Amino acid sequence: MSAFSKNTSRTWSIQDPVITNRMHGIIGGVSSLLVFPHKDHYKDDREYPSAVEGKIKLYQVESFSWLWSRQARKLINEAMGTFISLQDAVKEVEPDDYKSVLVKKCREYRSMIQACVEDITMCRECEGDQEELTASGQLLYKMELILSLIEILFIDKKPGGMILGQLLMWIRSHFTQCIEKKNEVMESDHPHQHSAYWEAVYGSVLQGRMEDARHMLSNHPFADTDPFLSIDELLRKMPFYQVYGGVSVAEFTVRWQHWQSECERRLQEGHYSTCHQLQTVCKILCGDQKTINNLIDLMDTWYHLMVSTLLFTCPTVKLFRLHSAAQDAIACVGGEQSTTPLDHVLLAAMEADILQVIKECQQVLDNTWFTAHVTDLLCHTMGQTTDQKFLPELRESLLLDYVSVLVSHCSLWQIGILYLDHLGPSGIAMSQTVLQRLPLTDDSRAHKIIQMASDRNFDSVVVGVCRVMGRRALSQGRLGSAIWWGVRSRDAAFTSHLAHQILQKYVVEGRFESSQLLDDLGPAMLLSDTLTFLGKYREFHMMYQDGNFRDAAVLLVSLISSKLAPEYFWPVLLLDALPLLKSEEPVISAEQTYELMYCLHNLHNHASKRGKQSSLENEATCSAFLEKEIDLRLALSNNLARAIIHEGSVDN
Amino acid sequence: MEVTKKYVARKIKTVRWKPPTTDYGRTDVFITGSWDDLDNVVEVWQVPETEEDPSRLHQLPHLGSVNDMQYITRDMFAAGSSNGGVKLYQHDSSNHLEEKMSWDRAHTFVGSSAPCTALATNGDQIASVGEDGNLVILNPNQKIPIRTIESVGGCSVYAVVYVRASEVVTANMQGHLKLWDLRSAQSARATLLSPDQIAVCDLASHPTQQHLVAAGGEDGALAIWDMRNTSQPFTIISAHSGPISEVRFHPGAPEHVFTCGLDGQLIHWDASASARPTHIPSFKNTRDPSGGSINVWLSSDVARGAIETVSVIPYSPLPINSVDVEGSTLIAGSDNEAIYMVRQVLLY
Amino acid sequence: MVSVISNVETGHDDMIHDAQMDYFGTRLATCSSDRSVRIFEVKGTSQTLIADLREHEGPVWQVAWAHPMYGNILASCSYDRKVIIWQEDGHKWKKVHEYANHDSSVNSLCWAPHEHGLILACASADGSFSVLTSTAHTWESKKITSAHSVGCNAVSWAPAVAPGSADGTSRSGTAVQRIVTGGCDSYVKIWKFDSATGEWIEELKLEGHSDWVRDVAWAPSIGLPRSIIASCSQDRRVIIWTNDGVTGVWQPRELNTFDDVIWHVSWSVTGNILAVSGGDNKVSLWKESLEGQWVCLSDSAKGQPSSEQRTL
């Protein structure tokens with residue numbers, strides 16, 4: 001029974017009679033919880049039987065994040081690029097230029113989210129869990145809404161603090177019903193008779209889309225009559241503040257007030273008494289709160305209401321006034337009790353309370369992507385201001401949480417590591433832990449992990465991974481791979497161990513299974529004495545096969561005398577010397593013969609000391625050796641004699 | 001040169017163009033294989049005429065990571081999996097994929113399966129190598145492998161290419177290249193060496209001059225081997241700062257080579273500037289169909305390392321795993337769960 | 001937060017005392033009152049049994065995996081006073097060592113960080129704990145007697161990384177070995193290995209609990225200079241001991257008082273989440289907030305309909 005529990009609370013239940021009253025849990029792996037039925041062992045250590053009905057099951061509880069869905073994957077990957085380029089840009093750029101960088105990155109995040117929404121819309125037509133897709137779509141919409149408001153209020157602050165223009169754009173891009181209505185209306189045969197005609201007009205006016213409103217009105221059969229012409233003029237002449245328009249705030253205010261008093265005058269003089277809809281439009285232009293409030297159905301939300309109200313009552317509103325305007329708007333739509341967590345986020349933003357924004361975001365969105373990236377943006381935005389001291393820590397903590405979710409996914413771990421590079425010492429520590437714990441499913445994954453670790457100078461991780469791979473290769477009998485990993489890990493102990501394995505195999509089988517890999521060890525040979533010996537011994541073999549007996553002999557004797565060879569291998573070396581001793585030409589000098597004799601002597605002593613304790617392999621070699629020992633002694637003494645004579649005569 | 005990047009929600013291990021339907025035609029369809037995911041897939045994509053992103057035509061689940069894919073004929077390709085199996089797929093003209101044959105335990109360790117690391121084909125047979133060090137020759141119509149050449153030394157083999165119809169070169173993690181004559185019963189004809197136990201990660205054979213093999217190494221260097229002189233590589237040039245994952249000769253313009261690697265770079269090696277005949281005698285006894293500028297890769301410029309290299313895509317923090325080029329369009333797959341497409345890659 | 005719950009029929013005949021995932025999360029070992037140790041291969045959400053080890057003569061209390069660089073090695077301890085070390089050879093699990101030097105039940109065991117070598121510590125109801133060190137061919141043991149009066153219930157190793165340093169060495173150049181134990185005398189004790197004398201010395205005695213200490217767990221290093229130990233006790237409390245790495249003083253802070261005895265505390269691999277489980281039939285997860293408070297993330301409780309619903 002595998003259960004998907006969409007549980008918005010923080011308690012999960014496990015229904016299992018066996019586990020009743022006996023539940024016990026332990027953290028298993030990187031991200032799961034193991035839960036199983038348990039009983040306490042009593043103080044007096046008694047063993048006691050228990051009557052168990054049913055099967056003993058162990059439950060593995062893992063959190064499944066929205067971040068692991070296919071839609072979110074694209075967001076995660078693309079956001080990584082923006083995040084990293086943001087961190088780099090902030091380091092390179094002068095603090096004065098931060099703003100343009102931050103605005104750009106914020107817009108990149110927003111367009112990513114929008115691209116995601118589009119994908120979901122397309123996806124809905126083909127496959128997928130409709131409910132899930134809809135939920136994802138809504139989530140993304142909320143994220144983009146909040147982010148664009150944050151961009152206006154915190155990141156892209158315009159000089160002078162005048163925000164209405166930006167807020168208007170914000171509302172226009174998120175509430176498109178009036179455009180849709182307008183298009184619907186205008187496409188019909190007789191627009192002015194369309195049931196939604198006037199709603200479309202009102203909607204456009206409320207969003208400050210004066211051109212659209214005028215266009216619709218001009219389609220009205222009475223467009224040439226006085227009221228229509230009058231209203232058209234008002235709509236045309238409404239002043240809109242441009243931040244870089246060259247007009248000062250004071251001057252704009254004068255113009256605007258002048259315009260609005262003209263609107264009021266015309267209204268009072270009854271210019272629109274013949275058409276009550278036009279009268280409504282004029283009342284809107286005059287900033288008549290009641291009229292605007294009555295049109296709440298066209299605006300849907302309190303923030304649309306707020307912006308529309310401000311447009312016609314206080315276009316020069318500054319940020320610090322926003323909060324009270326928001327409260328007023330909320331009161332109109334039903335008061336505090338009807339606000340949603342999303343509303344709380346927006347409110348907190350309007351109060352310029354960053355911490356509250358982030359906290360509320362965590363309530364609205366159940367994934368850490370948004371809070372982590374937004375906090376990072378805000379942290380860089382606030383930068384040097386001293387009253388937001390908590391921000392860097394909060395940023396680090398949220399990003400670490402985000403990364404924890406990433407690294408518990410089998411595919412997203414690489415992205416997690418990239419983020420950790422920018423999170424200080426905690427990031428480095430977590431990076432090392434995570435890299436070490438990634439399952440090494442095959443060589444290519446191991447190589448990638450090693451590459452990431454060595455890029456970051458995590459030598460211990462590299463060594464650790466190589467050791468595990470080497471050990472695994474060894475247990476599967478793949479000596480070539482094992483040696484390669486051993487050399488890579490620079491683990492002298494392990495490579496020695498491997499070299500011993502190979503030598504012992506040789507002793508038993510009489511040949512090298514993996515001779516080729518031994519021929520080309522290169523500098524790796526020096527890693528451990530045993531490995532060096534192995535390499536040199538192979539060199540000896542090569543020399544012997546090439547017929548280079550003299551050099552082979554020199555090498556062999558040096559190997560014996562240098563004590564590089566492990567003791568169990570001495571018999572093999574001595575036996576190898578036998579054909580050289582017996583060769584036609586004296587190849588082994590007197591000096592060298594003495595060495596060999598000494599070695600044989602030692603071997604003999606050790607063997608007799610050990611007595612009966614030898615292992616099976618040693619016994620086999622021993623018996624083979626004993627047979628040859630006499631032969632060897634004879635050959636040694638013969639060679640000694642020959643060599644002394646030869647050297648003596650050469651001297652002479 | 002225009003570069004587009006499309007996020008596809010899976011890490012892409014292999015990208016391959018579908019061969020054009022006629023010898024001089026163009027192709028606008030390619031396949032990708034993913035890796036390291038809960039559910040890996042093989043997908044078919046189409047490149048539109050306009051500047052838009054490629055669109056997905058078909059998707060088939062795949063067990064294990066897709067470590068390599070090679071087209072045997074124009075509408076059949078083989079895919080090698082990390083679970084040790086090789087599968088044969090039919091890719092028909094409606095761009096639909098269907099599994100035709102499966103060799104489930106092509107590569108094994110003692111008691112478990114071993115990842116298949118690379119595939120090669122001569123149009124008739126499939127050569128497969130894996131971490132068990134074995135070279136397995138498969139016939140598309142037979143369930144049992146025609147031949148299995150066991151490894152000697154127990155070392156993972158990472159790359160394989162056909163240099164003639166019955167000769168393959170394999171490269172292993174120790175950097176050894178071996179030439180195998182499949183007609184004979186004995187083992188490798190020659191062993192070529194790469195110094196210092198640097199693994200060779202991929203091999204590519206020149207499309208027309210069969211004795212030329214390019215090897216991408218774990219140290220980020222590209223080695224050019226002339227199989228007629230096997231004692232050492234003709235040249236080794238460094239470019240990547242991490243292991244190279246794939247090497248490709250441009251099939252129509254083989255003086256261009258493309259490599260991609262774990263350092264997130266995709267490099268275009270352009271040897272066309274050194275297109276001067278090196279020595280006259282070879283002109284006489286060459287069997288190469290391409291007259292004119294022969295042995296571009298064996299010129300003194302290349303030997304010196306004086307070859308133009310250009311980074312094709314902007315810096316990527318994650319590895320680029322695979323690259324393929326056909327005509328003037330290049331595709332690459334990366335661990336950033338994205339497919340890159342570069343149009344007009346040969347003209348700047 | 002959505003969770004996926006999968007289950008495996010363990011095949012045990014009696015209650016499970018411990019379950020541990022291996023280093024990479026690919027294997028699971030469970031041990032039970034039915035005297036057996038079972039090993040499963042884990043792939044995604046499915047688990048298959050690969051070994052059933054029956055060498056203990058009493059309920060098996062705990063199992064622990066060694067670092068994979070030493071091979072596939074598992075240790076188990078039991079009421080039968082024995083500690084058995086198992087190793088996978090090919091595809092078979094064999095007993096490679098048995099340690100029977102304790103006079104009563106061995107309650108707990110813990111492998112040392114791999115940087116110290118292949119070393120195992122185990123705690124026994126006879127009041128002592130032992131440290132087994134693997135050498136070339138055999139296991140050397142050292143028993144530290146009279147660690148806790150009445151009985152020693154739990155043992156845990158300190159991470160090898162000297163907190164705050166990235167390369168694992170203390171100033172003297174070698175990593176310092178430390179162990180924390182909890183016992184029936186209600187103390188939590190920290191022991192240090194003195195490499196000069198080759199002996200384990202009691203470094204500190206932490207008082208805070210009023211009844212048997214059931215479990216101790218030293219948190220993995222997270223790159224900060226401080227160290228954290230969690231201890232839980234029969235007195236129904238969990239205490240978090242924090243050493244800021246500067247003053248050398250361990251500050252206790254009570255996590256919570258629960259409804260029943262707390263048996264077990266375990267840290268997440270990245271060291272920032274603590275799982276607590278006990279007789280109150282709940283498993284709760286705790287995390288330190290930015291303000292330094294420990295807050296409960298979630299509970300897993302049996303049979304209770306979820307009472308706190310939070311809507312979006």
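Everything numeric here is computed off the predicted structure, so don't read it as measured data. All chains are named by letter (A, B, ...) in the order of the sequence lines, taking the proteins before the strands, and each is independently numbered beginning at 1.
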(request) Assess whether side chain to side chain donor-acceptor pair (under 3.5 Å) is satisfied between B:Ser81 and B:Asn83, documenting all intermediate values. (result) CA-CA 5 Å; B:Ser81 166; B:Asn83 69 1; 2.7 Å; yes

(request) Before giving the answer on side-chain contact (heavy atoms from CB on, under 4.5 Å), spell out for A:Leu406 and A:Ile76 the whole-Å C-alpha distance, their side-chain angles and the decisive distance to 0.1 Å. (result) CA-CA 9 Å; A:Leu406 290 180; A:Ile76 291 173; 3.8 Å; yes

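For the pair B:Asp37 and A:Arg73, the salt-bridge criterion is met [side-chain N within less than 4.0 Å of a carboxylate O]. Salt-bridge check for B:Asp132 with B:Arg105: failed, with every basic side-chain N at 4.0 Å or more from each acidic carboxylate O. Residues B:Glu337 and B:Lys5 are not paired through a salt bridge, judged by the lack of any N-O separation under 4.0 Å between the basic side chain and the carboxylate. Ion pairing between B:Arg16 and B:Asp68 holds under the 4.0 Å rule for side-chain N and carboxylate O.
The most heavy-atom pairs under 4.5 Å with chain B, out of A:Gln451, A:Arg488, A:Gln414, come from A:Gln414. In terms of heavy-atom pairs under 4.5 Å with chain B, the best-connected choice from A:Asp455, A:Asp442, A:Asp119, A:Asn77 is A:Asn77. With respect to chain B, the highest number of heavy-atom pairs below 4.5 Å among A:Lys74, A:Gln476, A:Lys448 belongs to A:Lys448. In terms of non-hydrogen atom pairs under 4.5 Å with chain A, the most contact-rich of B:Asp335, B:Asn172, B:Asp263 is B:Asp335.
B:Pro319 touches chain A through its side chain: at least one heavy atom from C-beta onward sits under 4.5 Å away, while N, CA, C and O do not. The parts of A:Glu78 that come within reach of chain B are both its backbone and its side chain, each placing non-hydrogen atoms under 4.5 angstrom from that chain. With a 4.5 angstrom heavy-atom cutoff, B:Ser34 does not touch chain A via any of its atoms. Neither the backbone nor the side chain of A:Trp68 comes within contact range of chain B, judged by heavy atoms closer than 4.5 Å. Only the side chain of B:Asn321 comes within less than 4.5 Å of a heavy atom of chain A; its backbone N, CA, C and O stay farther away. In this structure, chain B has heavy atoms under 4.5 Å from both the backbone and the side chain of A:His447. Contact annotation for A:Ser454: neither backbone nor side-chain heavy atoms come within less than 4.5 Å of a heavy atom of chain B.
Residues passing the side-chain contact (heavy atoms from CB on, under 4.5 Å) test with B:Asp53, sequence neighbours excluded: B:Thr4, B:Lys6.
Between A:Val468 and A:Leu440 the shortest side-chain heavy-atom distance falls below 4.5 Å.
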